[in-house]
Amino acid sequence: MIIYDECHTKIGCLRFMFKKEGTLEHIVLTDELWHVFTAKQTVKRSDDLGKPVCQQFKEYLHGERQQFGLPFALKGTPFQKRIWQALRKIPYGEIRTYSDIAASIGRPKAARAVGRTNAVNPLPILFPCHRVVGINKKLTGYAGGTDMKKQLLKIEGAKITEEAIINSWQGKTGI
């Protein structure tokens, strides 16, 4: 059974999935991903678990919070967990490349593996994979879409030019 709550925000409906004891286990950014999670499982809504999580995310999305204080359970391989922990070290409002993250965990040739690991990040925003960009600083894929990635980076005041964002959508190098 999936225990969840929804949070309607300016970037869309976020869904938070919890373990029985209230530990945050997944953040689902889109309806499409939500349907994948719920296709074969029973769901139960819990406002009690979701209210404090929603409050912190709304504060973040309004530029009032830079760090989260939420209990979470991180499931993944030891390699994935190293990458996700490296994401948490990226300062608010800054970006890093996939190569930067690979180098920071002592695996400088693992940039593609960093990208694949970011794609399955169970706690996006909390583990800020939106702060990771391509080698040429091009905005690359994001579970919530590149438009959401752009919005999150703008909220944080990241140094990304509008021209570079447009070029990344058109497949050009930039930034």
Side-chain angles (χ1 to χ4, degrees), residues 4 6-17 24-39 53 57 60-61 63 66 68 72-175:
Y4 80 100
E6 295 180 349
C7 184
H8 297 277
T9 73
K10 65 183 185 176
I11 64 167
C13 179
L14 304 179
R15 291 185 179 93
F16 306 110
M17 296 168 48
L24 186 61
E25 201 167 34
H26 285 280
I27 300 168
V28 183
L29 302 175
T30 66
D31 288 340
E32 292 80 14
L33 291 172
W34 178 244
H35 294 303
V36 170
F37 276 106
T38 60
V53 178
F57 272 80
Y60 164 78
L61 293 169
Q66 294 185 7
F68 295 89
F72 61 85
L74 190 60
K75 289 184 179 179
T77 67
F79 179 75
Q80 289 172 325
K81 288 179 180 181
R82 284 177 52 206
I83 291 170
W84 294 327
Q85 291 297 341
L87 299 177
R88 292 195 73 167
K89 294 177 183 173
I90 304 171
Y92 180 91
E94 293 187 18
I95 59 172
R96 298 290 185 271
T97 65
Y98 295 99
S99 296
D100 292 336
I101 300 302
S104 78
I105 64 164
R107 301 278 304 272
K109 295 183 180 185
R112 286 180 188 243
V114 169
R116 286 190 302 274
T117 298
N118 279 358
V120 296
N121 178 359
L123 297 166
I125 303 175
L126 190 62
F127 286 78
C129 52
H130 62 277
R131 296 179 189 156
V132 184
V133 297
I135 189 71
N136 57 4
K137 305 246 191 313
K138 181 173 141 180
L139 292 184
T140 54
Y142 186 64
T146 53
D147 188 49
M148 183 183 289
K149 185 173 190 168
K150 178 182 102 171
Q151 289 178 60
L152 294 170
L153 291 171
K154 280 187 162 191
I155 287 166
E156 294 185 10
K159 306 268 189 278
I160 294 183
T161 66
E162 200 63 35
E163 177 186 351
I165 292 168
I166 292 167
N167 286 341
S168 74
W169 288 337
Q170 295 173 347
K172 299 175 185 175
T173 59
I175 310 181

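Here, residue 1 is the first one in the sequence, and each next residue gets the next number. Since this is a predicted model, take the numbers as computed values, not measurements.
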Of all heavy-atom pairs between His8 and Cys13, which one has the smallest distance, and what is that distance?
CE1-SG, 3.6 Å

Do Ile83 and Arg107 touch side chain to side chain, with heavy atoms closer than 4.5 Å?
no

Just say parallel, tilted or perpendicular for the rings of Phe57 and Phe16, cut-offs at 30° and 60°.
tilted

Heavy-atom side-chain contact between Pro128 and Lys89 under 4.5 Å:
no

Between Gly144 and Leu29, which heavy-atom pair has the shortest distance, and what is it?
N-CD1, 3.6 Å

If every non-hydrogen atom of Leu152 is compared with every non-hydrogen atom of Tyr60, which pair is closest and at what distance?
CD2-CE2, 3.8 Å

Could you report the tightest heavy-atom contact between Asn118 and Cys129, atom names first, then the distance?
CG-CB, 3.7 Å

Mind checking the OG1-CG spacing from Thr9 to Leu14? Nearest 0.5 Å is all I need.
4.0 Å

Pro122 to Leu74 - nearest heavy-atom pair and separation:
CG-CD1, 3.9 Å

Distance (rounded to the nearest 0.5 Å) between Leu123 CG and Met17 CE
10.5 Å

Gap between atom CG of Asp100 and atom CD1 of Ile135 - 0.5 Å precision
7.0 Å

Could you walk me through whether Ile90 and Val132 satisfy the side-chain contact (heavy atoms from CB on, under 4.5 Å) test, starting with their C-alpha distance in whole Å, then the side-chain angles of each, then the deciding distance to 0.1 Å, before giving a yes or no?
CA-CA 9 Å; Ile90 304 171; Val132 184; 3.9 Å; yes

On a heavy-atom basis, which atom in Ser99 and which in Ala111 lie closest, and how many Å separate them?
OG-CB, 3.8 Å

Nearest 0.5 Å, please: how far is CG in Leu153 from CD in Gln151?
10.5 Å

Nearest-0.5 Å distance that lies between atom NZ in Lys150 and atom CG in Leu139
9.0 Å

Would you call the rings of His130 and Tyr142 parallel, tilted or perpendicular, where under 30° means parallel and over 60° means perpendicular?
perpendicular

With rounding to the nearest 0.5 Å, note down the distance linking CZ in Arg131 to CD1 in Ile125.
10.0 Å

Around atom CZ of Arg88, are there more than 12 heavy atoms from other residues, nucleotides or ligands closer than 6.0 Å?
yes

For a side-chain contact (heavy atoms from CB on, under 4.5 Å) check, start with the C-alpha distance between Asn121 and Leu87, then their side-chain angles and the critical distance, and finish with the verdict.
CA-CA 10 Å; Asn121 178 359; Leu87 299 177; 4.0 Å; yes

Trp84 side-chain N/O to Thr117 backbone N/O, donor-acceptor pair under 3.5 Å:
yes

Just say parallel, tilted or perpendicular for the rings of Phe127 and Phe72, cut-offs at 30° and 60°.
perpendicular

Does some side-chain heavy atom of Tyr98 sit less than 4.5 Å from a side-chain heavy atom of Thr140?
yes

Side-chain contact, heavy-atom cut-off 4.5 Å: Ile155 with Lys10?
yes

